[in-house]
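All residue numbers refer to positions in the sequence shown, counting from 1.
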Amino acid sequence: MKFWTSPGGQLAILAIGFLLIRGAKTLLRKRWPKELSTWDLMAPIFLLGALNLIPAGSGLIMPWLVIGWMAVGIIVAVMQAVRNHEILYSSFFKTFWRLTDLYWLLGFIVCFLLVIS
């Protein structure tokens, strides 16, 4: 049980999650939404992985990552309001979620490096 809360266990969970999502996408070829990529479903797994690393030593940076995530949402909303003069839910959510994928990938990497160093 201790393995799954360690940094190596978190990497294993990410790999298993990626393979499960990829397998489901392959299995449901015709029914899988074309706009939905595998990475779109990985953001919650990255977030949970980063949260599981808190007891191992990444608790110092986690509040800053959450504040940064909120800032990403605010920046996306303001940029769409300035550029398009309106905020449409579908375009906001797609842009925000794709940036969330990248943000939590980098956040997990930072938490992982903080724990193993």
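In terms of heavy-atom proximity, G17 sits nearest to M42 at C-SD, 4.3 Å. Among all heavy-atom pairs drawn from E35 and R98, the shortest one is O-NH2, 2.8 Å. Heavy atoms only, all atoms of each residue included: Q80 and I87 are closest at OE1-CG2, 4.3 Å. In plain terms, the two heavy atoms of V82 and H85 that are nearest each other are O-CE1, 3.8 Å.
Taking hydrophobic clusters as Ile, Leu, Val, Met, Phe, Trp and Tyr residues chained together by side-chain heavy-atom distances below 4.5 Å, L48 shares a cluster with L11. Hydrophobic clustering, with ILVMFWY side chains joined whenever heavy atoms are under 4.5 angstrom apart, keeps I74 apart from M79.
Rounded to the nearest 0.5 angstrom, D101 CG and T38 OG1 are separated by 10.5 Å. Atom CG of residue L41 and atom CD1 of residue I21 lie 5.0 Å apart, to the nearest 0.5 angstrom. If you take CG on L28 and NZ on K30, they are separated by 12.5 Å, rounding to the nearest 0.5 Å. Between atom CG of residue L60 and atom CD1 of residue I54 there is a gap of 10.0 Å, rounded to the nearest 0.5 Å. Here CG of L47 is found 5.5 Å from CE of M62. Values are rounded to the nearest 0.5 Å.
Put simply, the side chain of D40 gets close to the backbone of S37: a donor and an acceptor are under 3.5 Å apart. When atom types are taken as modelled, the side chain of W32 and the backbone of T26 share no donor-acceptor pair closer than 3.5 angstrom.
Classification of the F96-F93 ring pair by plane angle, with boundaries at 30° and 60°, yields tilted.
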Test side-chain contact (heavy atoms from CB on, under 4.5 Å) applied to F46 and W39, step by step: CA-CA 10 Å; F46 285 129; W39 287 104; 3.4 Å; yes
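Contact of the L14 side chain with the Q10 side chain is not registered, since no non-hydrogen atoms from C-beta on lie closer than 4.5 Å.
The environment of CH2 in W64 is sparse: at most 12 heavy-atom neighbours from other residues, nucleotides or ligands sit within 6.0 Å.
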Side-chain donor-acceptor contacts of residues 102-117 below 3.5 Å, not counting sequence neighbours, with atom names and distances?
| from | atom 1 | to | atom 2 | distance (Å) |
| --- | --- | --- | --- | --- |
| Y103 | OH | L65 | O | 2.7 |
| Y103 | OH | W69 | N | 3.4 |
| S117 | OG | L113 | O | 3.1 |
| S117 | OG | L114 | O | 3.2 |

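For the side-chain contact (heavy atoms from CB on, under 4.5 Å) test, residues two or more places apart in sequence or in another chain that qualify with I16 are W4, L20.
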